[in-house]
Colleague: 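After the structure tokens below, expect a handful of questions from me.
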Amino acid sequence: MKNSINTEQEEMLQNPISRASFMKTSALVAGSSLLFGLSSCQSSPKPTVEKASVKVSPVADAAITAKPKRVAANPALLPPPIKQKITQTHKITLECTEVIGEVKAGQKFRYLTFNGQVPAPMIRVRQGDTIDLTITNPTTSIHPHNVDFHAVYGTGGGAEATMVAPGQTKHIRFKTMYPGAFIYHCAAPGLDFHISSGMFGLLLVEPPEGLPEVDHEFYFGQNEIYTKDEVDANGFLNFDYEAMKNENPNFVVLNGESYAITDAVYGAVKVKKGETARIFFVNGGPNLISSFHPIGNIWTKAWREGALANNPEKYIQTIGVSPGSCAVLEMEFPVAETIKLADHSLSRVVSKGLMAVIEVEGTADTEIFDANPKFN
Ligand SMILES: [Cu+2]
């Protein structure tokens, strides 16, 4: 019987990371010795895989029949500004959930996530605050995971200390010493695969004085997804490691799914004429620079690299955001319009799923923009 379980088994056996993970799932290898890839894998007994059977991995079995879940983060759901002036400790839990979603309608994909969403939940603290982090990897996972915070002084940004095999939980504590918007991402072996599959988010360390007041704040993350061109017999787009090596993705998306934040999928973001907004933007990559541009508008203020200790640049049209970095961007909405958030590498917009929409509601202001001016 040829189906995606067999395909998955084959991929696991070809790929040292997946292979090690599969062995863990099959209870052939215990403990953390599998976490560092091929070397530990080679010294372990060979998995006995019956290629004709569909009952080798209960995890994969469940995945095939699972109803796809929404993974696209709601851009309007993020923590409010920190009002407290004295430093505090934030208890944060990241659960490494492997979720079946759809990159686009009818095309299932095995997402790897923190807390079931892409980008992972935005974490918000004030400089000097402490984060008390618990990371857990459910027994239902196939892969080991961890987290590397760019906001951390410490080995691997915490990656070594947070490595969790399926069924494990770990705990670290760190102080946020410098302000800015920083990526956090999985850095387990095969980290490009893990990040491409969804394991990245943004940690905002507000400067002591906080950020200027705005009417709205939104949260967007960009990443590219490398899959085979066609779905398999079970409707899955399987991961394409060769395409990733060549940095040639099928999809480049905002918030994890093709055109997720548009009326065609989960709905556009809505604001009103005269309001202001701030966008926290993280580029997970793993490989492509984003040329992030609001079509029909401008970044009124832009903190490149999310470096909030600096003064913002003003009226930036297109901001380059490297993979593994962030930007903090502000916008004004003087006219009613439809704004398309885009990567100005425009083939990604036209044919790879990258766009989000901000609808600015209100009456026309023909002094600023007149779509039908009368001839004099
Ligand atoms: Cu991971």
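Whatever order the structure lists ligands and atoms in, that order sets their numbers, starting from 1. Any value given below was found using the heavy atoms of this structure, including those in side chains, with hydrogens, waters and symmetry copies removed.
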Colleague: Of Leu133, Leu202, Ile123, which is the lone residue that meets side-chain contact (heavy atoms from CB on, under 4.5 Å) with Tyr184?
Modeller: Ile123
Colleague: I would like to know whether Thr97 and Thr113 meet side chain to side chain donor-acceptor pair (under 3.5 Å); could you show each step before the answer?
Modeller: CA-CA 5 Å; Thr97 47; Thr113 75; 2.7 Å; yes
Colleague: Report the protein N/O/S neighbours of the Cu ion (ligand 1) that fall below 2.8 Å; do not count waters.
Modeller: His145 ND1, Cys186 SG, His194 ND1, Met199 SD
Colleague: Go through the structure and list residues passing side chain to side chain donor-acceptor pair (under 3.5 Å) with Ser291, not counting sequence neighbours.
Modeller: none
Colleague: Can Asp129 and Glu206 be said to form a side-chain contact (heavy atoms from CB on, under 4.5 Å), step by step?
Modeller: CA-CA 10 Å; Asp129 284 357; Glu206 290 193 16; over 6 Å; no
Colleague: Using the salt bridge (Lys or Arg N to Asp or Glu O under 4.0 Å) rule, collect all pairs that involve residues 344-369, keeping only residues at least two apart or in two chains.
Modeller: Asp343-Arg348
Colleague: Run the side-chain donor-acceptor check on residues 299-316: report pairs under 3.5 Å with partners two or more places apart or on a different chain.
Modeller:
| from | atom 1 | to | atom 2 | distance (Å) |
| --- | --- | --- | --- | --- |
| Trp299 | NE1 | Phe292 | O | 3.0 |
| Thr300 | OG1 | Glu332 | N | 3.4 |
| Trp303 | NE1 | Asn310 | O | 3.1 |
| Arg304 | NE | Glu313 | OE2 | 2.7 |
| Arg304 | NH2 | Glu313 | OE1 | 3.2 |
| Arg304 | NH2 | Glu313 | OE2 | 3.3 |
| Glu305 | OE1 | Ser325 | OG | 2.5 |
| Asn310 | ND2 | Ala307 | O | 3.4 |

